[in-house]
K.L.:
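One structure is given below, represented as structure tokens, and several questions about it will come after.
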Amino acid sequence: MIKKILIANRGEIAVRIVRACRELGIKSVAIYTDADRHALHVKKADEAYNIGSDPVLGYLNAHTIVNLAVASGCDALHPGYGFLSENPVLAEVCARRGIRFIGPGPHSIRQMGDKVQARQAMIRAGIPVVPGSDHNLENVEEARALAARIGYPVMLKATNGGGGRGIRRCDNEAELARNYERVVSEASKAFGKPEVFLEKCVVNPRHIEVQVLCDAHGHCIHLFERDCSIQRRNQKLIEIAPSPQLTQAQREYIGKLAVRAARAVGYVNAGTVEFLLDEDNQFYFMEMNTRLQVEHCVTESITGIDIVQEQIRIADGLPLQYRQEDIQHRGYAMEFRINAEDPKNSFLPSFGRITRYYAPGGPGVRVDGAIYSGYVIPPYYDSMIAKLIVWSLTWEGLIQRSLRTLDDMVVYGVKTTIPYYREILNNPEFRSGRFTTGFVDAHPELLDYAVRRPPEHTVAAISAAIAAHLGI
Ligand code: ADP
Ligand code: ADP
Ligand code: MG
């Protein structure tokens, strides 16, 4: 039985994993760099160890981290998302050192982390994929020939990419020629691997992904889909479960397809199969993420299942506690990625001290965050500082509750995406539940909001305090 888990991550996801451990009666161990000395995950975990002065490298050294897991008496390790979560070496080192890796085996991570190999595996399993490369591109001439065959627009993509980076749309041959070296160089810089491939660009698609859970005993189920079409620069901003854009028949079809995909590669643990849905209602496999996802919380809200706890049980060798027919969904949930960014200034990161933070509350509200009043957001990491997850029984109710909750959540000291989300929620196209991955680019006017003054109640409270002090 797993008794103590090292969390090889930071920020909100490390806090999330600590919470799952606590409920299961499992001890948690945090790691932190000097820059993260005052981070929330360090305060929440049962134990915490400093892994060095470099703000980033400590979180990326598989050997040091696994040594620490062994030395601190852990029997398992959770990688979270980002950092080493999709690095097969971490899973391998864990296996060698007798630490259970809370995720799939290194083979699955390697196979699905390579988008070309993943496409091949899906084609073999009879899953529809976007037309495109069956191997990495050798050079721009090969790219040109393939693009001519499948037709423009095409997407040039880093084979080992993630986080929305290393992806460029090319509308014609000239753009393809211009972008080729760029994507190769982005891929080399961001992922240490220069390989790129090409696929047809699905025009006006919706991003629909399915959460799967597979145990080591051959059981595999899905927890329905999430709609992540609201993106900027191929990165998700708002995620919704279930998708307001699918019929029940489509929901059942895509769930089954995802389970088939996971089974085809012998997948074990939690994973997400991402699809694009085109204008003709065709689904195409895009990639599989072999880890916990940022937006897993919306699925938890509609199904009541704790995905992190299930991950831990699966890694412990336990069979799934649910059959497919036990899984129900109720209402709608929406997650807002609260990023310390200035949407008005091309989403430029806005780091620094959070002078005041008021957490939202009330019915149907969950916050997974890493912030508190006085916390200084270090400049070295992802700009996502919290996730706001709202649930309601109906789509209309969800919109209203989300607007109320965004007003309820107050972060002073840094710029955030909160005011921008208010504009999105008021947009009729968004409210109609019909939107594509082009939504953000198609609505630059939503960035024209007025920056709000402190809410009236704050002003009133300050006036009252001054009045009391002056005795008037
Ligand atoms: P999700 O698919 O869970 O929504 P994202 O794609 O937004 O997640 O990625 C989650 C985090 O992991 C982000 O901080 C992102 O920058 C990082 N990330 C994802 N994939 C990679 C990768 N291959 N290499 C480096 N960082 C990555
Ligand atoms: P990452 O690993 O960075 O998450 P994905 O392959 O999942 O990369 O793509 C990220 C996003 O880029 C998708 O959600 C979608 O908006 C867009 N995208 C990727 N491939 C295509 C495509 N072939 N056609 C249209 N949009 C695409
Ligand atoms: Mg993706």
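First listed ligand is number 1; within each ligand, the first listed atom is number 1.
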K.L.:
Among Q293, E335, R226, Q211, exactly one meets side-chain hydrogen bond (donor to acceptor under 3.5 Å, both in side chains) together with T299. Which residue is that?
P.N.:
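That would be R226.
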K.L.:
Between T437 and ligand 2, find which residue part has any heavy-atom pair under 4.0 Å and reply side chain, backbone, both or neither.
P.N.:
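It is the side chain that touches ligand 2; the backbone stays farther off.
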K.L.:
Within the 4.5 Å heavy-atom criterion, are R119 and F197 side-chain neighbours or not?
P.N.:
yes
K.L.:
Below 4.0 Å, non-hydrogen atoms only: which portion of I167 touches ligand 2? Side chain, backbone, both or neither.
P.N.:
side chain
K.L.:
From the Mg ion (ligand 3) out to just under 2.8 Å, does an N/O/S atom of E287 turn up?
P.N.:
yes
K.L.:
Please determine, by modelled atom types, if D227 and Q245 share a side-chain donor-acceptor pair under 3.5 angstrom.
P.N.:
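Note: D227 and Q245 side chains meet the donor-acceptor criterion.
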K.L.:
Should you measure from each heavy atom of G161, which atoms of ligand 2 turn up under 4.0 Å away?
P.N.:
2 (O)
K.L.:
Any side-chain donor paired with an acceptor under 3.5 Å for T33 and Y381?
P.N.:
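There is such a pair (donor and acceptor under 3.5 Å, judged by atom type) between the side chains of T33 and Y381.
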K.L.:
Against ligand 2, does K236 come closer than 4.0 Å with any heavy atom?
P.N.:
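Heavy atoms of K236 never come under 4.0 Å of ligand 2.
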K.L.:
Examine the proximity of ligand 2 to L276 and report which part, side chain or backbone, both or neither, has a heavy atom under 4.0 Å away.
P.N.:
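For L276, only side-chain atoms sit under 4.0 Å from ligand 2.
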K.L.:
Using 0.5 Å steps for rounding, measure from the OG1 atom of T416 to the CD1 atom of I385.
P.N.:
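The CD1 atom of I385 is 6.5 Å from OG1 of T416, to the nearest 0.5 Å.
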K.L.:
As an exercise, identify every atom of ligand 2 less than 4.0 angstrom from a heavy atom of G162.
P.N.:
1 (P), 2 (O), 3 (O)
K.L.:
For T159 and N136, which I'm curious about, is there any donor-acceptor pair between the side chains at under 3.5 Å?
P.N.:
yes
K.L.:
Check this for me - ligand 2, C201, N or O atoms closer than 3.5 angstrom, yes or no?
P.N.:
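It does not: no N or O of C201 is found under 3.5 Å from an N or O of ligand 2.
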K.L.:
Compute the centroid of each ring, for F351 and then for Y380, and state whether the two points are separated by less than 6.0 Å.
P.N.:
no
K.L.:
Which atom name would you report as the N, O or S atom of E274 nearest the Mg ion (ligand 3)?
P.N.:
OE1
K.L.:
Please confirm whether K115 approaches ligand 2 to less than 4.0 Å, judged on its heavy atoms.
P.N.:
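Contact check K115 vs ligand 2: positive.
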K.L.:
Taking atom types as modelled and ignoring hydrogens, do the side chains of H296 and E239 form a donor-acceptor contact shorter than 3.5 angstrom?
P.N.:
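Absent: no donor and acceptor within the cut-off.
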K.L.:
How long is the straight-line distance from CZ of F336 back to CD1 of I418, given to the nearest 0.5 Å?
P.N.:
10.5 Å
K.L.:
So which of R233, H207, E86, M155 gets nearest to atom 27 (C) of ligand 2, if we judge by its closest heavy atom?
P.N.:
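The nearest heavy atom belongs to M155.
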K.L.:
Taking both backbone and side-chain atoms of V130, is any N or O found less than 3.5 Å from an N or O belonging to ligand 2?
P.N.:
no
K.L.:
Please check: side-chain N/O of N269 versus main-chain N/O of Q311, any donor-acceptor pairing under 3.5 Å?
P.N.:
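It does hold such a pair.
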K.L.:
What atoms of ligand 2 come closer than 4.0 angstrom to any heavy atom of E199?
P.N.:
20 (N), 21 (C), 22 (C), 23 (N)
K.L.:
Between R169 and ligand 2, which part of the residue brings a heavy atom under 4.0 Å of the ligand: side chain, backbone, both or neither?
P.N.:
neither
K.L.:
Is Q235 close enough to touch ligand 2? Criterion: a residue heavy atom under 4.0 Å from a ligand atom.
P.N.:
no
K.L.:
N/O to N/O below 3.5 Å, does that happen between M286 and ligand 2?
P.N.:
no
